[in-house]
There are 4 protein chains.
Amino acid sequence: MTGETILPSRPDVPKRRGRQRSLVVQAAILKATGELLEKKPLREITADAIARRAGVSKATLYKWWPNKNLIAVDAFEARMNEIVPIPDTGSAEKDFIEQFKSAIDFYKSPGGRIICQFIAEGQSDSDLLALFRERFVKPRREGPRLMWQRGVERGEIRPDVDKELFLDLIYGPMIYRLLVGHCPLDHTQAEAIIAAVFQGMKAIPS
Amino acid sequence: MTGETILPSRPDVPKRRGRQRSLVVQAAILKATGELLEKKPLREITADAIARRAGVSKATLYKWWPNKNLIAVDAFEARMNEIVPIPDTGSAEKDFIEQFKSAIDFYKSPGGRIICQFIAEGQSDSDLLALFRERFVKPRREGPRLMWQRGVERGEIRPDVDKELFLDLIYGPMIYRLLVGHCPLDHTQAEAIIAAVFQGMKAIPS
Amino acid sequence: MTGETILPSRPDVPKRRGRQRSLVVQAAILKATGELLEKKPLREITADAIARRAGVSKATLYKWWPNKNLIAVDAFEARMNEIVPIPDTGSAEKDFIEQFKSAIDFYKSPGGRIICQFIAEGQSDSDLLALFRERFVKPRREGPRLMWQRGVERGEIRPDVDKELFLDLIYGPMIYRLLVGHCPLDHTQAEAIIAAVFQGMKAIPS
Amino acid sequence: MTGETILPSRPDVPKRRGRQRSLVVQAAILKATGELLEKKPLREITADAIARRAGVSKATLYKWWPNKNLIAVDAFEARMNEIVPIPDTGSAEKDFIEQFKSAIDFYKSPGGRIICQFIAEGQSDSDLLALFRERFVKPRREGPRLMWQRGVERGEIRPDVDKELFLDLIYGPMIYRLLVGHCPLDHTQAEAIIAAVFQGMKAIPS
DNA sequence: GAATAAACGAGACGGTACGTCTCGTCTTATG
DNA sequence: CATAAGACGAGACGTACCGTCTCGTTTATTC
């Protein structure tokens with residue numbers, strides 16, 4: 001289980017007998033973890049540190065989450081619920097350029113770096129990776145998916161290419177460069193990538 | 001330092017005074033590490049295990065390598081020196097399809113999975129990441145780079161798009177799917193990706 | 001801190017919040033250490049060996065004791081609480097001869113040899129030496145002190161010589177020979193030493 | 001073997017075939033060890049440190065000495081060859097008081113503390129202890145032995161008490177207090193000990 | 001003078017213990 | 001009875017020192 005289930009925090013539910021502190025405790029844990037994530041990489045955050053900072057027993061941590069990685073997912077999600085507005089310029093390519101630029105800005109920011117850490121840790125923690133896909137990849141692809149949809153409807157984007165492939169064509173290079181750092185990644189690159197994706201690499205027969 | 005420096009083993013260099021660094025020992029360490037890498041993920045490999053398996057003192061490990069990750073790089077490289085032949089069908093697109101398919105096969109194999117682990121560990125070990133770029137990313141991009149060159153010369157590939165960007169457009173989506181696993185990655189996908197990269201996403205005005 | 005503080009086990013003290021220090025664990029550590037002390041010299045006993053034998057984590061050792069020497073003190077004390085009865089023959093000199101003989105027997109036994117090891121290790125571990133004085137030297141001198149008292153009261157021993165000096169006059173030569181081994185140390189010597197101490201070395205003017 | 005054997009340096013002995021043992025090297029080792037002994041306790045001196053300071057290979061150390069403790073004995077002896085003059089006041093008791101005071105001064109000095117370390121290390125290194133007896137205990141008892149002799153001849157000291165026992169009666173308490181530190185040890189104590197040894201502990205029947 | 005042999009420096013090496021750290025579980029007293 | 005406090009077993013970490021070994025160099029004796 002991950003804390004997610006408590007987030008709706010339905011106040012109408014008849015309260016259980018006994019102690020009701022749960023929600024306070026869960027929130028404290030997520031808050032503490034979120035703060036720690038800002039200060040140090042996921043790998044260096046210890047369960048003890050989370051418990052200490054949250055003023056919570058370590059046993060409580062393990063009661064609600066199987067390990068600290070999954071706490072981090074919940075904690076990170078809690079700070080990520082701001083909806084990223086998707087642009088609507090009337091041109092799919094321009095929409096993507098704009099969105100892609102702000103995506104790059106985000107992924108290069110401290111907050112975005114945490115995403116990389118989830119992918120990294122996910123390589124040896126399949127639960128984490130699965131949750132990451134569910135909670136971050138899927139929802140965050142919704143906006144671009146909509147932009148793609150509009151582009152197809154407006155006849156700007158080829159309808160015969162798989163939507164997911166289209167998205168990976170754009171975000172794949174970004175993630176790759178972000179993780180490996182073999183090439184720069186900035187607004188200039190953003191425009192070049194979008195242009196390349198749209199125009200294709202085939203030489204125009206002149 | 002990483003073991004690399006001993007590999008050239010220039011016999012003309014005047015040997016130092018004391019006991020010479022034992023090539024047998026270095027080889028045993030790399031061999032042991034390589035074998036362990038086949039059996040378990042990098043994260044689960046311990047310095048003790050390498051030392052034990054190689055019949056070597058732990059101090060010797062730390063004398064020559066700063067940590068086990070960099071041993072793993074050297075060990076993995078030692079098993080990777082087979083040159084991947086690049087296809088030459090006469091068509092750049094066909095060349096890329098073929099090469100891309102075998103790249104995917106490799107990255108999905110146990111050996112290729114180790115690459116993912118390097119990227120993962122590299123997120124919290126910048127020395128590892130730098131070495132990884134130098135030893136794996138750079139050399140392995142040589143083949144595709146040549147294929148790109150030929151494609152440009154034959155007038156099949158646009159010369160005005162940065163070579164590195166072109167490569168990331170192809171391999172970025174692969175790495176992304178490999179690491180995150182949100183979409184399938186097989187020969188069919190390989191063809192679709194190459195086709196998309198070449199033809200571009202812009203709808204053909206009919 | 002050394003385990004001592006738990007031994008009185010005052011049940012009236014309000015217990016702390018969390019899990020209590022396990023007496024079973026402490027006992028196992030002391031038992032294991034005691035058994036090891038019987039088999040090998042203190043210097044050759046390792047923290048790992050104690051932990052392994054006690055079925056205990058090494059961290060637990062270091063949590064309660066700063067190092068293995070102080071564990072050994074506690075362990076040794078635990079096996080030493082048998083009170084050595086002091087003789088009461090009516091003659092101070094005879095009392096001392098008897099007590100001194102059994103002291104020598106003890107110090108030459110495996111158990112007594114441990115005392116020498118404490119003194120030896122104490123030369124480079126002042127905490128150990130201080131604890132040794134407090135736990136062994138002081139209590140074990142009580143009996144002889146009482147014998148001295150009786151001798152003084154009965155008018156057999158000069159009251160004007162410092163009690164501690166008197167004791168060192170007897171036990172000093174024993175310790176010296178025990179540690180350095182330059183001269184024999186047996187019951188015959190015991191009698192000779194006591195006689196010499198009582199009668200003095202001054203030639204009797206005839 | 002310990003370096004001692006080279007000291008006689010018999011030049012008539014037919015020299016062996018190869019390169020000769022370098023006296024410079026031996027001297028450098030002893031000098032370096034002596035200097036280290038002044039700065040830190042024997043236990044903390046490492047073979048590497050000696051080798052480094054002497055500008056000598058560690059192998060050379062182990063070629064001529066079985067371990068660092070025995071080097072230390074040789075090194076310490078080299079700085080100890082000053083002959084301690086024994087007093088001759090005409091009174092044995094006064095002689096002993098004077099000699100005992102300067103003995104205490106020495107044993108409490110940094111140099112004298114090394115003696116304690118030899119005894120301490122000797123408890124787990126019988127070679128060291130044997131050598132210590134031979135090189136230090138035996139020769140340093142010569143002076144007091146002579147004083148005893150004169151006292152006996154002058155009719156001041158009882159001739160029927162074993163000479164060694166007499167010496168231990170004096171130096172035993174000193175060593176004991178020196179090693180264990182349970183009682184003070186100074187010039188006042190020196191006088192009291194000698195007085196007690198001479199006069200005996202028996203109450204004078206009045 | 002060349003061959004031979006040991007001493008020597010440098011320093012690599014296997015072994016072993018150190019004391020610390022984090023993990024995830026378990027126990028106990030408190031609210 | 002859910003928690004906090006925190007003890008605990010397991011086991012990896014990277015460091016330190018030990019005493020041995022293997023080189024290449026130096027210094028002497030012997031042929």
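Convention: sequence-line order gives letters A, B, ...; per-chain numbering from 1.
Looking only at distances, a side-chain donor or acceptor of D:N67 sits under 3.5 Å from a matching main-chain atom of D:L70.
Nearest to the side-chain atoms of A:N67 among the listed nucleotides F:dA7, E:dG9, E:dG24 stands E:dG24.
By the side-chain hydrogen bond (donor to acceptor under 3.5 Å, both in side chains) test, C:E121 is found to be paired with D:R43, residues two or more places apart in sequence or in another chain being considered. Residues satisfying the side-chain hydrogen bond (donor to acceptor under 3.5 Å, both in side chains) criterion with A:E44, sequence neighbours excluded, are absent altogether. The side-chain hydrogen bond (donor to acceptor under 3.5 Å, both in side chains) check on C:K31 picks up C:E35, with sequence neighbours excluded. D:A120 pairs by the side chain to side chain contact (heavy atoms under 4.5 Å, CB included) definition with C:A120, C:Q123, not counting sequence neighbours. Scanning for salt bridge (Lys or Arg N to Asp or Glu O under 4.0 Å) contacts around D:D48 gives D:K58, with sequence neighbours left out. Under the ring-ring contact (aromatic ring centres under 6.0 Å, His included) criterion, B:F132 pairs with B:F136, sequence neighbours left out.
As rounded to whole Å, 16 Å separates atom C1' of E:dC26 from atom CG of A:L61. Between the CD atom of D:Q20 and the C1' atom of F:dT29 there is a distance of 8 Å, rounded to whole Å. Following rounding to the nearest Å, D:Y62 (OH) and E:dA6 (P) show an atom-to-atom distance of 24 Å. Taking atom CG of residue B:L42 and atom P of nucleotide F:dA12, one finds them 15 Å apart after rounding to whole Å. To the nearest angstrom, P of E:dT25 lies 15 Å from CH2 of A:W65. E:dG9 atom P lies 16 Å from atom CZ of D:R53, rounded to whole Å. Taking atom CZ of residue D:R21 and atom C1' of nucleotide F:dT26, one finds them 18 Å apart after rounding to whole Å. Atom CD1 in B:I50 sits roughly 11 Å away from atom P in F:dG14 (whole-Å rounding).
Annotation: the span from D:K39 atom NZ to D:I45 atom CD1 amounts to 9.5 Å, rounded to 0.5 Å.
At the phosphate of E:dC13, OP1 or OP2 sits under 4.0 Å from a side-chain N or O atom of B:W64. In this structure, C:Q26 reaches the F:dC8 phosphate: one of its side-chain N or O atoms is under 4.0 Å from OP1 or OP2.
An angle of 10°, rounded to 10°, separates the two end axes of the helix from E:dG1-F:dC31 to E:dG31-F:dC1, each defined over five pairs.
A donor and an acceptor atom never sit less than 3.5 Å apart when one is taken from the side chain of D:R19 and the other from the base of F:dA28.
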Write down the protein N/O and nucleotide N/O pairs, taken from nucleotides 15-17 of chain E, whose separation is under 3.5 Å; answer none if there are no such pairs.
unit_1	atom_1	unit_2	atom_2	d
E:dG15	N7	B:S57	OG	2.9

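Every pair tested for salt bridge (Lys or Arg N to Asp or Glu O under 4.0 Å) that includes a residue from residues 64-73 of chain A fails, sequence neighbours excluded, so the list is empty.
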